[in-house]
**Student:** 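Take this structure first; my questions come after.
Every chain is numbered from 1 and lettered A, B, ... according to where its sequence line falls, protein lines coming before strand lines. This one's a predicted model, so the numbers in the text were calculated from it and none came from an experiment. All values below were derived from every heavy atom in this structure, side-chain atoms included, with hydrogens, water molecules and symmetry-related copies excluded.
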2 protein chains.
Amino acid sequence: MARTGTEELRRRNRAALVEQLHRHGPQTRAELTEALGLNRSTIGALAADLAESGHLHETTGRSTGSAGRPSTLVECVPKAATVTAVEIRADRVRFALVGLGGEVLERAETALDGADPVEAVEVVTGGTARDALESVAAVPGLVDAGVVAHSTELGWAGRDLAADLESATGRTWQVVDTATAAAVGEWSRGDAHESVKLLYLHGGRGLTAGLVADGRAQRGGSIQLGHIVVQPGGRECACGLRGCLEAEMEVFGYAEDIEHATLAAGMGDAAARDGLRRSGEDLGRALGAVVTATGPDEILFGGWLRELYLSAAAPVRSALAETTLPHLRSRLRLRTPVLGDEGALIGAAETGFAAVIDGMR
Amino acid sequence: MARTGTEELRRRNRAALVEQLHRHGPQTRAELTEALGLNRSTIGALAADLAESGHLHETTGRSTGSAGRPSTLVECVPKAATVTAVEIRADRVRFALVGLGGEVLERAETALDGADPVEAVEVVTGGTARDALESVAAVPGLVDAGVVAHSTELGWAGRDLAADLESATGRTWQVVDTATAAAVGEWSRGDAHESVKLLYLHGGRGLTAGLVADGRAQRGGSIQLGHIVVQPGGRECACGLRGCLEAEMEVFGYAEDIEHATLAAGMGDAAARDGLRRSGEDLGRALGAVVTATGPDEILFGGWLRELYLSAAAPVRSALAETTLPHLRSRLRLRTPVLGDEGALIGAAETGFAAVIDGMR
DNA sequence: ATCATATGTTGCAGTCAACAACAAATCTCG
DNA sequence: CGAGATTTGTTGTTGACTGCAACATATGAT
C-alpha cells in the first residue's frame, strides 16, 4: 500500500502541486501554500524542482492591488507533458494533442468513409503526438479493459481496440467510452464541478451514458442506455434483445433525423410533434430506471439527445417523474453540456492526465 | 490535499498496518513487511508504537516449520477499538459491538412491537457500547447524509435519523442503508472479496439494493430496487408511483409469505408455483435495468429474496437474459450470501472501522 | 555440534517538511 | 513623499521518519 520512505512523500507533494495547477490554472505561490496546506518553504522547494525539470514556469511580481510583497505566479508549461486524445465515431475520427494545464496544442479531424478507424488514428497521431505521455481513445459503447464489448454505433463486439491501436501506432492506449469521457470532461473543464454524481447521456448512432462520482469515473462505469428495455417483448433490437430503448424510440439514430423532426414539429407537423413526444417519454422511462439505480444529481443531454431534450423537455420530465421516487427527482438537475461536441475529447485527455499525474506519485 | 510533513507519513503507515491486520487477521512481522512494502526496522518501530498504545499484541516465537528464526505474530487487540453496529428492521433492532479485527464482543436483539426504533437503540447501546469509537446504523431504505429519504419498510420519509439517534444516545451516528451495508459485509468478511462490483439485493418489507465497487460503497450508493418501474402505468404503489416492482410482485413482502408460497409450490399447488414464477420474472426484469445501469459482476440475493431466488432461479435468469446485453450477463455470477442474516450488521461495523482507520491517518 | 537460514534489533545516514528569522516588495496613512 | 504596516519569498536549522547494513537471535539441517 503505502510504498516507501520520505522520497515517496516528496513525489506525492510534487504530484499534488502539478495536479492543483493543471486543474485550477495558474496560481500564486501563496495560493498554492493555502490550497495544499504545505509550508511556504516547501512550496518554494517543490516549485524550484519542477521549474528545473521544465514542468512549471514562474512569473515574477504580479501586483495584487493589496499590501504586501507581490506573490510570484506559477503556471504549467503545456509542452512539458502532453496527452493524445482521440474520439472515434462511425463517420469520423477527431484528435487533439493536449498540454499540461489543459491547453489544446493541436487538433485534427478525419472523415472515415467506411475506413477502419484504427488506420485513421495511426495517420492522425503520427506527428508530435508521438511525444505524448499517454494516449486515450473514446469510443461510443461498452468498454471493458481496453476491449469494446459492444458498440451499436461502430458495429463492434468484443474488439480488442487497445491491442489494435497499440500494434498500429506502437504506443499503449487507454480506451474509455465516449459518454464517460464526456462526463469527465464536463466535470473537470465544464460547468459541473459541484456535481456529486454526474450522468452524461450521449446520443450518437447508439445511446450510451457515463457516470462520474466525485470527479472520478468508476471501473466499468459505462452504461448502455440504449439497451435499457423499456418495452418487455417489444420490437426486436439489433443486439438480440427485445424492446430496447434504441429499438423503441421513434425519432432516433442520426443528427439529421432529429433536426428534421424538430423542424417539422416547429412548422406544425402534428405527426412529427407526436413522434418527438413519444421519444421523449421513452427516454424518460429508461432514465427513470437509470436514475433509480445510480442516483445522480445532474443529468446532461449530449450528442443529438441535446436537441431531443431541448424540443421535448416536458415529456422527458414527466416520464421521469412517473418512474423515480420524489427524493431522487428533487435533487436532480437536467441540462445540456457546456462543452458541446468537445466534451468526450477533453474528457479523454483529462483521463490521460489523471494517469500522468498518478504516475508521478 | 497531502497534509503535512513526515509525521503524516508515520500516521499513514501506522494506519496501513492496523488496516492490514484488521482485514486479513493475525500475521507475522515478516508477512507484514512483505504486504506493506516497508522495511523490517520500520515495521518493528510501528508495531512497538501500536503495542505500547494497546492496539496490537505480539506473540513471540511461533515455529513455522522451516528454517530460520521464527517470526513474532502480531494481532489486533479487539477491545482497543470498538464499533457499535445496529440494524433496524420494522419488527426488531439488532445490535453488535465489534472489536478491531472483526470479533463480535457483544450482541443483542430487541423486538419492537410498534415502538420507535430509536428508543430501542438507546436502550441496547447503553452499556459498554458507549466506549465505541464509531456508531453505525443500517436502515432498509434510501439514505442520504444521515437522512432516511424513503423507507417502505419503516414508513419513513425524510427522517433525520442521524440527528434523532444523536439526541437519544449522545453520540454521533453514521447511517447507511441495509443493502449497501450487507454488500460491504459480504465483500469484507464474506466470500466476495474478488468481486469487482458487487450488487446485494435485500428483501425485507421493501426491496433495496446496494453496490460495492472495489470494496468501497459509493456516495449515494443505495438503490431502491422496489421502485424500479417494471410496468409503466401499472398498479399504484404506496410511494405514489405506478408499476413499481414492489407493487407488481405477486409473492411479496414478508418472510412468511415466501415460505408459504414455496411450501405450497413444493406440494404441487399450481397457482403458487405460477406466482413464484411471475415474481421471479418481475424481479429479473427490474434487475435487468439495474445491471445495465451499474454493470456488476456478482449479484447476491439476501433477505427473503434468497428464498425467492432458490425456488425461482430459472425465471429470474431468463427474465434477466431478456433484458441485459450478453456481455454484461456473461461475467455475472448469481448466488446467495454466505453471512446469512448477519451481513448488514457486519457490514455496518466494517463501515465504522473504515472511518476509525481513516481517522488514524 | 556446526552451519545455513530467516528474522528481530540497533546505530547510522539521507531526506524531507516545518519553523523562525530575515530580506524584499508593495501599500497606506500622515 | 516617507515611514511603518503587510504580505511573501529565502535561508539556515531542527526534528522526525524511513532505509540500510551490520549484528544478534532462534530455529532446522547435516
**Student:** Taking atom CZ as the centre, does Arg216(A) end up with more than 12 heavy-atom neighbours from other residues, nucleotides or ligands that are less than 6.0 angstrom away?
**Tutor:** no

**Student:** To the nearest angstrom, how far is Leu9(B) atom CG from dG15(D) atom C1'?
**Tutor:** 14 Å

**Student:** Is any side-chain N or O of Thr28(A) closer than 4.0 Å to OP1 or OP2 of dT8(D)?
**Tutor:** no

**Student:** Salt bridge or not for Arg14(B) and Glu19(B), using N-O below 4.0 Å?
**Tutor:** no

**Student:** List for me each residue that meets ring pair (Phe, Tyr, Trp, His ring centres under 6.0 Å) alongside His193(A), sequence neighbours excluded, and say none if there are none.
**Tutor:** Trp187(A)

**Student:** Less than 3.5 Å apart, any donor N or O on the side chain of Thr125(B) or Arg171(B) sitting next to an acceptor on the other?
**Tutor:** yes

**Student:** Could you state the atom-to-atom distance from CD of Glu8(A) to C1' of dA17(C) in whole Å?
**Tutor:** 16 Å

**Student:** Write down the distance between CZ (Arg11(A)) and P (dT18(D)), rounded to a whole number of angstrom.
**Tutor:** 15 Å

**Student:** For Ser66(B) and dG28(D), is the shortest distance between a side-chain N/O and OP1 or OP2 below 4.0 Å?
**Tutor:** no

**Student:** Under 4.0 Å from OP1 or OP2 of dT18(D): is there any side-chain N or O of Asn13(B) that close?
**Tutor:** yes

**Student:** Under a 4.0 Å N-O cut-off, is there an ion pair linking Glu8(B) with Arg11(B)?
**Tutor:** yes

**Student:** According to salt bridge (charged side-chain N to carboxylate O under 4.0 Å, His left out), does anything in residues 180-198 of chain B pair up with another residue at least two apart or in another chain? List the pairs.
**Tutor:** Arg189(B)-Glu350(B)

**Student:** Mapping Gly68(A) and Gly68(B) onto DNA chain C by nearest heavy atom, which one lands closer to the 5' end?
**Tutor:** Gly68(B)

**Student:** So, OP1 or OP2 of dT9(C): does either fall under 4.0 Å of a side-chain N or O from Arg29(B)?
**Tutor:** yes

**Student:** Provide, to the nearest angstrom, the distance between the CZ atom belonging to Arg12(B) and the C1' atom belonging to dT18(D).
**Tutor:** 14 Å

**Student:** Return the set of residues passing ring pair (Phe, Tyr, Trp, His ring centres under 6.0 Å) with Phe95(B) (not counting sequence neighbours), or none when no residue passes.
**Tutor:** none

**Student:** Do the charged groups of Lys79(A) and Asp131(A) touch, with an N to O distance under 4.0 Å?
**Tutor:** no

**Student:** Let me know the distance between CD of Glu7(A) and C1' of dT18(D), rounded to the nearest Å.
**Tutor:** 10 Å

**Student:** Provide the closest heavy-atom pair for Leu198(B) versus Ala192(B) in the form atom of the first, atom of the second, distance.
**Tutor:** CD2-CB, 4.0 Å

**Student:** Whole Å only: how far is the CG atom of Asn39(B) from the P atom of dT7(C)?
**Tutor:** 13 Å

**Student:** Is the shortest side-chain N/O distance from Arg10(A) to OP1 or OP2 of dA17(C) below 4.0 Å?
**Tutor:** yes

**Student:** What's the closest nucleotide to the side chain of Arg69(B) if the choices are dG9(D), dA18(C), dT25(D)?
**Tutor:** dT25(D)

**Student:** Need the bend value for the helix from dA1(C)-dT30(D) to dG30(C)-dC1(D): angle between end axes, 5 pairs each end, nearest 10°.
**Tutor:** 10°

**Student:** Whole angstrom is fine here: how far is it from CZ in Arg14(A) over to C1' in dA17(C)?
**Tutor:** 14 Å

**Student:** Below the 4.0 Å mark, does dC17(D) have OP1 or OP2 next to a side-chain nitrogen or oxygen of Thr6(A)?
**Tutor:** no

**Student:** With respect to the side chain of Ala30(A), which nucleotide from dT26(C), dT7(C), dG9(D) is positioned closest?
**Tutor:** dG9(D)

**Student:** Tell me every residue that passes side-chain contact (heavy atoms from CB on, under 4.5 Å) with Glu342(B), counting only those two or more places apart in sequence or in another chain.
**Tutor:** Arg94(B), Arg107(B), Ile346(B)

**Student:** Looking at DNA chain D, which of residues 40-55 of chain B put a heavy atom within less than 4.0 Å of it?
**Tutor:** Arg40(B), Ser41(B), Thr42(B)

**Student:** Which whole-number value in Å describes the distance from Leu38(A) CG to dT8(D) P?
**Tutor:** 16 Å

